[in-house]
Q: 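Take this structure first; my questions come after.
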Amino acid sequence: MKQKTFFNWSSGKDSALALHYLIRDGNSSIDRLLTKVNAHHDRVSMHGLRKSALEAQAAAIGISLDVWEVPENPNREQYNTLMKNKVLDLKSQGYTHTAYGDIFLEDLKRYREDMLLPLGVEAVFPLWKKDTTALLREFLDLGFRAVIVCVNQFKLDKSFLGKELSLGLMEKFPKNVDPCGENGEFHTFCFDGPIFNYPIPFTLGEVVFKSYDDPIGEGNQIPFGFCDILLKR
C-alpha cells in the first residue's frame with residue numbers, strides 16, 4: 001500500500017528533484033504540495049516568489065496546492081504551534097508521511113523529525129546525504145530548468161540573480177558556495193522538467209534588496225537580493 005504523503009514544496013530545484021524521485025519510485029501517494037507563504041507579502045518564504053507563480057507550478061505539475069500562511073516574523077513558539085496545527089489537520093485527512101528536499105543540514109532534519117514524530121507523521125528525505133554536485137548534474141541531465149531568484153549577498157553576488165542554472169554557471173560559483181545552495185546561498189524557481197506537464201512561461205521582473213536579522217549572529221543583518229518572476233499571460 002502506498003504511503004499517503006504531503007510534499008513540502010519550496011518552489012525550487014531541490015523540491016523538484018525530490019518530488020521526481022518519489023514519483024519515480026512509486027511508494028508514495030502524493031496528492032498535495034504544501035508551501036509556506038509569508039502572509040504579509042503573499043510570497044513564498046525565503047524564495048520571495050509570488051503566490052501566482054507558485055500556483056502556476058502546482059497547475060503544471062498537476063498536484064493540488066495547499067498554502068500554509070505564516071506571519072512575517074513569528075517567534076519559535078508561534079511557528080511551532082502553527083506547524084503542529086497544520087500537520088494535525090493533514091493527519092486528520094489521512095496523511096501518514098511528509099517529504100522534504102533537504103540534503104545535509106543535520107539540525108534542520110532533526111528539528112523536522114522531532115516536531116513530526118510526536119504527531120505520528122513520518123518525514124522522508126529522498127535527497128539526504130547525496131553529493132550536491134552530482135545532484136545538480138542529475139537535475140540538469142533530467143531536463144529540469146530553474147532560475148536563481150534569491151541570493152545571500154554575503155555568499156553570492158547579486159549578478160547571479162535571474163540566471164538559469166547550468167553547469168557553466170555552477171563553475172562560476174565561489175568555492176565556498178554549495179552547488180545546490182544547501183547552506184542558504186541561493187534559492188531557485190523551477191519552471192520545467194519531467195514532473196511538469198508543460199513549461200511555465202514567465203519573464204524576469206524587478207530586482208529588490210532587503211536585509212534580515214542573522215538568527216545566529218550578534219545583531220548582524222544578512223543582505224539578500226530577490227528577482228521577481230512574472231507570469232506571461
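This chain uses plain numbering: 1 for the first residue, then up along the sequence.
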Q: Under 4.5 Å between any side-chain heavy atoms of H47 and C150, yes or no?
A: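 When only atoms from C-beta onward are counted, C150 and H47 do not touch, as no gap falls below 4.5 Å.
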Q: Looking only at heavy atoms, which two atoms of A146 and T188 are closest? And how far apart?
A: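 The pair with the smallest heavy-atom distance is CB-CB, 4.1 Å.
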Q: Going by the rule ring-ring contact (aromatic ring centres under 6.0 Å, His included), which residues pair with F191 if we only count those two or more places apart in sequence or in a different chain?
A: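 Once residues adjacent in sequence are excluded, the partners of F191 under the ring-ring contact (aromatic ring centres under 6.0 Å, His included) criterion are F202.
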Q: Is a donor on one side and an acceptor on the other found under 3.5 Å between the side chain of K91 and the backbone of L119?
A: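 Confirmed, K91 side chain pairs with L119 backbone.
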Q: If you round to the nearest 0.5 Å, how far is CG of L108 from CD of E113?
A: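 Reported value, rounded in 0.5 Å steps: 10.0 Å.
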Q: Quick one: does S11's side chain have a donor or acceptor within less than 3.5 Å of a partner on L54's backbone?
A: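 The answer is no, because no donor-acceptor pair under 3.5 Å joins these two groups.
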Q: Is there a side-chain contact between F226 and R43 (heavy atoms, below 4.5 Å)?
A: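 Not touching, per the 4.5 Å side-chain cut-off.
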Q: From I222 CD1 over to N152 CG, what is the distance, rounded to the nearest 0.5 angstrom?
A: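 It comes to 5.5 Å.
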Q: Supply the atom-to-atom distance T96 OG1 to L90 CG, rounded to the nearest 0.5 angstrom.
A: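 Reported value, rounded in 0.5 Å steps: 11.5 Å.
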Q: Between the main-chain N or O of R32 and the side-chain N or O of S64, is there a donor-acceptor pair closer than 3.5 Å?
A: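 Checking the backbone N and O of R32 against the side chain of S64, no donor-acceptor pair under 3.5 Å is found.
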Q: Any salt bridge between E106 and K129, counting N to O under 4.0 Å?
A: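 Yes, E106 and K129 are salt-bridged.
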Q: Given side chains that start at C-beta, do those of I103 and C180 come closer than 4.5 Å, heavy atoms only?
A: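 Side-chain contact under 4.5 Å: yes.
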Q: Does K155 qualify as a cation-pi partner of F186, given the criterion of NZ or CZ under 6.0 Å from the six-membered ring centre and within 45 degrees of its axis?
A: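 Judged by the rule (NZ or CZ under 6.0 Å from the ring centre, within 45° of its axis), K155 is not positioned above F186.
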Q: Determine, stepwise, if the pair N80 / Y111 fulfils side-chain hydrogen bond (donor to acceptor under 3.5 Å, both in side chains).
A: CA-CA 10 Å; N80 288 350; Y111 167 75; 2.5 Å; yes
Q: Ignoring hydrogens and geometry beyond distance, is a side-chain donor-acceptor pair present between D178 and T132 at under 3.5 Å?
A: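 Side chains of D178 and T132: pair found under 3.5 Å.
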Q: For residues 16-25, which side-chain N or O atoms pair as donor and acceptor with protein atoms under 3.5 Å away, sequence neighbours left out?
A:
residue : atom : partner : partner atom : Å
Y21     : OH   : E138    : OE1          : 2.5
Y21     : OH   : E138    : OE2          : 3.3

Q: Do any N or O atoms from the side chain of N183 and from the backbone of E185 form a donor-acceptor pair under 3.5 angstrom?
A: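 Side chain of N183 to backbone of E185, a donor-acceptor pair under 3.5 Å: no, none is there.
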Q: Considering only heavy atoms from C-beta outward, does the side chain of F144 approach that of I195 to under 4.5 Å?
A: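 Yes. Closest side-chain heavy atoms under 4.5 Å.
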Q: Should we count NZ of K4 as having more than 12 external heavy atoms under 6.0 Å?
A: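 Correct, the count exceeds 12.
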Q: Report the distance from atom CZ of F104 to atom CZ of F125, rounding to the nearest 0.5 Å.
A: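 Those atoms lie 14.5 Å apart.
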Q: To the nearest 0.5 angstrom, please state how far the CG atom of L204 sits from the CG atom of L230.
A: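 Going from CG on L204 over to CG on L230, the span is 8.0 Å.
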Q: I need the full list of side chain to side chain donor-acceptor pair (under 3.5 Å) pairs touching residues 48-58, with sequence neighbours left out, sorted by first then second residue.
A: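 For residues 48-58, and leaving out neighbouring residues, the side chain to side chain donor-acceptor pair (under 3.5 Å) pairs sorted by first residue read W9-Q57, D42-K51, R50-D228.
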Q: Atom CG in L169, atom CG in L140: separation rounded to 0.5 Å?
A: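 The distance works out to 10.0 Å.
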Q: Quick one: are I229 and V147 in side-chain contact, heavy atoms under 4.5 Å?
A: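 SC-SC contact between I229 and V147 confirmed.
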Q: Would you call the rings of Y95 and F6 parallel, tilted or perpendicular, where under 30° means parallel and over 60° means perpendicular?
A: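 Y95 vs F6 ring planes: perpendicular.
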Q: According to a 4.5 Å side-chain heavy-atom criterion applied to Ile, Leu, Val, Met, Phe, Trp and Tyr, with indirect links allowed, do L156 and F154 form part of one hydrophobic cluster?
A: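 No, it is not one cluster - the side chains of L156 and F154 are not joined through contacts under 4.5 Å.
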Q: Return yes if some donor-acceptor pair links the side-chain N/O of K172 with the main-chain N/O of G168 below 3.5 Å, else return no.
A: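 Here the side-chain-to-backbone pair does not exist.
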Q: Could you tell me whether the side chain of S28 reaches within less than 4.5 Å of the side chain of K2, counting heavy atoms only?
A: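 A side-chain contact under 4.5 Å is absent here.
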Q: Would you tell me whether D89 and Q93 have side-chain atoms, one donor and one acceptor, within less than 3.5 Å of each other?
A: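 Q93 and D89 do have a side-chain donor-acceptor pair below 3.5 Å.
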Q: Evaluate the side-chain proximity of F139 to C190: yes if any heavy-atom separation is below 4.5 Å, no if none is.
A: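 A side-chain contact under 4.5 Å exists here.
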Q: Is it the case that T98 and N8 place a side-chain donor and acceptor less than 3.5 Å from each other?
A: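 Per modelled atom types, T98 and N8 side chains form a pair under 3.5 Å.
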